[in-house]
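Numbered from 1 within each chain, the chains take letters A, B, ... in sequence-line order.
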Amino acid sequence: MTAGRPTAMSGFPELLPAERLVEQHVVDLLRRTFELHGFAPVETRAVEPLETLLSKGETSKEVYVLRRLQADPARPDADAGIGLHFDLTVPFARYVLEFAGKLDFPFRRYQIQKVWRGERPQEGRYREFTQADIDIVGRGELAFHHDVEVARVMAEAMAALPVPPVRLQVNNRKLIQGFYAGVGAPDVDAVMRVVDKLGKVPEETVRRMLADEAGLDDEQASLCLRLAGIRSADASFVDRVRELGVTSDLLEEGMAELAAVLEGCATVSGERVRVEADLRIARGLDYYTGTVFETVMEGLEHLGSICSGGRYDALADDGRTTYPGVGISLGVSRMLVPLLHSGRVRADRPVPSAVLVALVDEPSRGDADAVAQRLRARGIPSEVAAAPQRFGKQIRYAERRGIPYVWFPGPDPATGEVKDIRSGEQVPARADTWSPPEADLRPTISATEERVP
RNA sequence: GUGGGCGUAGCUCAGCUGGUAGAGCGCCUGGUUGUGGUCCAGGAGGUCGCGGGUUCAAGCCCCGUCGUUCACCCCA
């Protein structure tokens, strides 16, 4: 029975082995950086009660609901009311409340998992994708310096990845809300929503929307647009905001915080990751209360933000205690899948094997296995040829897979000759002592330095 | 969820005003009976995404659907 070849499912990307090797490498690098900074690993279940998922934001349309094919007729509601999580922050907030008694605060954790959203897919935007989050949560209160910390850690993590340079853009809700209130905006949130359109629609359109939808007069709109135009790689944005002549306590507090984030990130900001203040950033989610982050890859700005987050003072609350937090979330799939498909990042082979042990004939397969086992014992990924074909074919088998070495058996399993098929060089070797150069042990993941015109 | 572009061999693509499919690269075999890459000769491989419709005739026109992509929406 054949039903034809299966076809892709929209929004559920699957990777080929060489691509998956890249993704695993990236996840390993992220993990290493997060753990270097003392973030503890957490994995939450894939599902949450719908009431948990729907408590924040209006993402209800995106939630995949889970249901048994044949629900118990006696208890029709037994399986109802759970859905797949659409991010890692909401499940984490629930986790913190549930295990508050067993966690030590401030609690810092990283979490790298799949999430699901029922959206219309396009490049960099999927229905099943991987996110890597770090968050720090306090009980009752959380010192501001943790805002600086999560920015530093994520900047450091991204700097180590084989991806194009990124810009980590930082702003502060207090700053812009204080400013908008200071200019006399009647609806601060409306101003924020409209200003967020900058970059998508012409500035003149935004100016008109500020009048129509946010109720600003010309002068107020101009001030807000001038604020949104401010960017700086250091604390110099403060002077430029002051030049606009708007004052409020909240604005001052926000500027001080933003300046502190930039100063704190000065040592990690560089070629690979540029940390900068961008007073246009607002973020759609309404639970952010202070610092906010967005990140774009240079030359790939059309993908949108690949890493964002911020400060949330009241995401988790059990009615007695509030747990404020600050976190940042890297879209591993959004960042990586387009890079893989365009060839900007690649692994130099689709298999882990560093050595192919050639096979003379089937009776000697045991000897070939013994050679491979001696190599593996010293951490050298090795496989034995599938069939005793002509050596030319066995070499080609290795070549097609990018396996750099072919081992030709000698008179006993301890000795043989090993050929570097890239150079053609072939030397006698002992299975207990020979090792390839460190660089050949695993597939090499590399980013091409191709620049977008 | 709304609207648009695209879908031909493993890959990149060609295919005229409708007349029943092609190239390059890759792959396989042999020349080279345990040493690949070059070269030469030969070869395999396509339900033209899928399903309907119009027509004597559909890769080409129409409808639907799936996939992909762009904009909106939203966001990683």
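If you take atom P in B/rA14 and the same atom in B/rG49, they sit 14 Å apart, rounded to whole Å. Only the P atoms considered, B/rG30 is 16 Å distant from B/rA44, to the nearest whole Å. A gap of 14 Å separates the C1' atoms of B/rC11 and B/rG45, to the nearest Å. Look at the C1' atom in both B/rC6 and B/rA76: the space between them is 26 Å, to the nearest Å. B/rC40 and B/rG26 have their P atoms separated by 12 Å, given to the nearest Å. When the C1' atom is compared between B/rA41 and B/rU32, the two are found 14 Å apart, to the nearest whole Å. Nucleotides B/rG43 and B/rG7 are separated by 32 Å at their P atoms, to the nearest Å. The gap from the C1' atom of B/rG53 to that of B/rU12 amounts to 33 Å, rounded to the nearest Å.
Remark: C1' of B/rA76 and CD1 of A/I281 are 14 Å apart, rounded to the nearest angstrom. The distance from atom CZ of A/F86 to atom P of B/rC75 is 10 Å, rounded to the nearest whole Å. Whole-Å rounding puts the A/E62 CD to B/rC74 P distance at 10 Å. Rounded to an integer number of Å, the gap from CZ of A/R117 to P of B/rC75 is 8 Å. One atom, OH of A/Y397, and another, P of B/rG26, lie 21 Å apart when rounded to the nearest Å. Computed from coordinates, the A/R127 CZ to B/rG67 C1' distance equals 11 Å when rounded to whole Å. The separation between A/R401 atom CZ and B/rC27 atom C1' is 13 Å, rounded to whole Å. Atom CD in A/Q389 sits roughly 14 Å away from atom P in B/rG34 (whole-Å rounding).
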5' to 3', nucleotides 35-42 of chain B under a 4.0 Å protein heavy-atom cut-off (B base, S sugar-phosphate only, - none) gives BBB-----
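Side-chain contact, A/Y126 with A/R334: no donor N or O sits under 3.5 Å from an acceptor N or O. For the residue pair A/T267 / A/R152, a side-chain donor-acceptor distance below 3.5 Å is found, with atom types taken as modelled. When only modelled atom types and interatomic distance are considered, A/R376 and A/Q373 share a side-chain donor-acceptor pair under 3.5 Å. Judged purely by distance below 3.5 Å, without hydrogens or angles, the side chains of A/S364 and A/D367 never pair a donor atom with an acceptor atom.
Nucleotide B/rG7 forms a pair with B/rC66, judged by Watson-Crick or G-U wobble geometry with both contacts under 3.5 Å. Nucleotide B/rG42 forms a Watson-Crick or G-U wobble pair with B/rC28, both donor-acceptor distances falling under 3.5 Å. Within the shown strands, nothing qualifies as a pairing partner of B/rC48 under the Watson-Crick or G-U definition with both distances less than 3.5 Å. Base pairing annotation: B/rG34 forms no Watson-Crick or G-U wobble pair, as no partner gives both donor-acceptor distances under 3.5 Å. Nucleotide B/rG19: paired with B/rC56 (Watson-Crick or G-U wobble, both distances less than 3.5 Å). For B/rA71, the paired nucleotide is B/rU2, the pair qualifying as Watson-Crick or G-U wobble because both relevant distances are below 3.5 Å.
Closest approach to the A/R400 side chain among B/rC27, B/rC66, B/rC74 is made by B/rC27 (side chain taken as heavy atoms from C-beta onward).
For B/rA76, the OP1/OP2 oxygens have no side-chain nitrogen or oxygen of A/S333 closer than 4.0 Å. An OP1 or OP2 oxygen of B/rA76 is reached within less than 4.0 angstrom by a side-chain nitrogen or oxygen of A/R283.
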Can you give each donor-acceptor pair under 3.5 Å made by side-chain atoms of residues 423-439 of chain A, sequence neighbours left out, with the distance rounded to 0.1 Å?
residue, atom, partner, partner atom, Å
A/S423, OG, A/E425, N, 3.1
A/Q426, NE2, A/E417, OE1, 2.7
A/D432, OD1, A/R374, NH1, 3.4
A/D432, OD2, A/R374, NH1, 2.7
A/S435, OG, A/R378, NH1, 2.9

Ignoring hydrogens and angles, write down the donor-acceptor pairs under 3.5 Å from the side chains of residues 322-330 of chain A, residues two or more places apart or on other chains.
residue, atom, partner, partner atom, Å
A/T322, OG1, A/D317, OD2, 3.1
A/S329, OG, A/Q131, NE2, 2.7
A/S329, OG, A/D133, OD1, 2.7

With a cut-off of 3.5 Å and sequence neighbours excluded, list every side-chain donor-acceptor pair involving residues 187-195 of chain A.
residue, atom, partner, partner atom, Å
A/D187, OD1, A/D189, N, 3.2
A/D187, OD1, A/A190, N, 3.1

- [ ] Please step through side-chain hydrogen bond (donor to acceptor under 3.5 Å, both in side chains) for the pair A/E156 and A/T33, ending with a clear verdict.
- [x] CA-CA 7 Å; A/E156 196 176 310; A/T33 304; 5.4 Å; no
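A/Y110 and A/F39 have their aromatic ring centers separated by at least 6.0 angstrom.
Residues that satisfy the salt bridge (charged side-chain N to carboxylate O under 4.0 Å, His left out) test with A/E301, not counting sequence neighbours, are A/R167.
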Contact list (N/O, under 3.5 angstrom) for nucleotides 68-72 of chain B vs protein:
residue, atom, partner, partner atom, Å
B/rU68, OP2, A/S10, OG, 2.7
B/rC70, OP1, A/E123, OE1, 3.1
B/rC70, OP2, A/E123, N, 2.9
B/rA71, OP2, A/Q122, NE2, 3.2

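Salt-bridge formation is detected for the pair A/E35/A/R31: a Lys NZ or Arg NE/NH1/NH2 atom is positioned less than 4.0 Å from an Asp or Glu carboxylate oxygen.
The base of B/rA76 is not paired with the side chain of A/E294 by any donor and acceptor separated by under 3.5 Å.
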